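Since we're looking at a predicted model, the values are computed, not measured. Any value given below was found using the heavy atoms of this structure, including those in side chains, with hydrogens, waters and symmetry copies removed.
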Amino acid sequence: MTGPGRDAETGPERGTGPVPQPRPGTRPLLALAALCATLFTAVAVTVAVRHGAPLAPEQAVHRWALAHRGEPLRSTAGALTATGTGPVPYLMAVLAGLLAGRGARGRLRAVACAVAVLAVGQAVRYGLMELLARPRPATADWAGGASGYAFPSGHATTSALAAGLLAWGIARYAGRGPARTWCAVLALWAVAVGLTRVYLGVHWPGDVLGGWLLAGTVLSLALLLERYALPDRYAADGLPESGGAGPA
């Protein structure tokens with residue numbers, strides 16, 4: 001069927017507005033959330049039963065980072081790690097909402113939802129950090145700023161959440177090709193931010209892994225709630241979920 005802004009063979013015209021993308025099915029999202037939550041719990045329990053003491057592999061990685069901390073890598077890591085906290089992640093969440101929403105009210109609601117996901121993820125992370133109270137590496141080994149306890153890493157959690165949210169916004173707006181490219185770029189950025197925390201000596205590798213798993217859990221659950229948080233966008237797209245029935 002053809003209509004304004006559409007072609008029977010080529011689909012939606014680029015540049016005319018958000019391009020609907022198929023939603024992932026409920027079962028895959030539930031499976032992903034369960035996997036991330038299970039793995040996070042395993043890491044958290046390991047941290048708890050050892051009272052925060054690092055594992056031998058973590059100590060080995062920490063020693064390697066100390067031995068290879070030269071310029072310009074140290075300055076580059078410092079600049080990159082700064083993007084994983086402060087206003088940058090929240091600006092990314094706002095942009096995600098602006099891309100995902102339709103119309104003024106839809107964009108406002110999408111922005112509020114994206115910022116809420118980021119804020120909830122950070123609140124959960126902070127609560128777990130205080131509960132587990134894992135000590136950081138010795139301050140003499142630090143090459144960057146840090147505060148509070150170690151697990152899970154705040155930079156790793158926040159950057160992964162922001163990257164996931166912006167990837168979601170781009171996927172709701174752009175075609176498949178641009179969305180996949182930007183998703184890869186954002187994933188690399190989030191991974192790099194997490195790795196800088198280990199390289200700068202302010203976190204153990206398990207802290208960063210925990211942050212990534214926590215972010216994966218929160219993002220998966222947020223996608224499951226998308227149809228309820230943004231019902232207008234879901235109804236407007238009118239597309240079925242991949243591999244299953246359409247929106248309820």
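Within 6.0 Å of OH in Y90 there are more than 12 heavy atoms belonging to other residues, nucleotides or ligands. Residue R27 places its CZ atom among 12 or fewer non-hydrogen atoms of other residues, nucleotides or ligands, all under 6.0 Å distant.
The side-chain hydrogen bond (donor to acceptor under 3.5 Å, both in side chains) pairs that include a residue from residues 38-49 number zero, where partners must be two or more places apart or lie in different chains.
Using a 4.5 Å cut-off between side-chain heavy atoms of Ile, Leu, Val, Met, Phe, Trp and Tyr, with links allowed through other members, V88 and L95 fall into the same hydrophobic cluster.
The backbone N or O of S75 lies less than 3.5 Å from a partner atom in the side chain of E71, making a donor-acceptor pair. Remark: side-chain polar atoms of Y199 are paired, donor with acceptor, to backbone N or O of H68 under 3.5 angstrom. Checked by atom type and distance alone, the side chain of T85 never pairs as donor or acceptor with a backbone atom of H155 at under 3.5 Å.
Electrostatic pairing of E226 and R172 counts as a salt bridge here, judged by a charged N lying under 4.0 Å from a carboxylate O. A salt bridge does not link R136 to E58: none of the charged side-chain nitrogens sits closer than 4.0 Å to a carboxylate oxygen.
Every residue two or more places apart in sequence or in another chain that forms a side-chain hydrogen bond (donor to acceptor under 3.5 Å, both in side chains) with W189 is listed here: T83. With sequence neighbours excluded, the residues satisfying side-chain hydrogen bond (donor to acceptor under 3.5 Å, both in side chains) with T81 are T196, R197.
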Item to check | Verdict with supporting geometry, R50 and L55, side chain to side chain contact (heavy atoms under 4.5 Å, CB included) | outcome: CA-CA 9 Å; R50 293 178 57 84; L55 296 169; 3.4 Å; yes

Checklist entry - Can you list the steps and then say if T158 with Q122 is a side chain to side chain donor-acceptor pair (under 3.5 Å)? => result CA-CA 7 Å; T158 304; Q122 289 187 313; 3.0 Å; yes

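In this pair, F40 and F151 present their aromatic rings parallel. The plane angle is below 30°, not in the 30 to 60° band.
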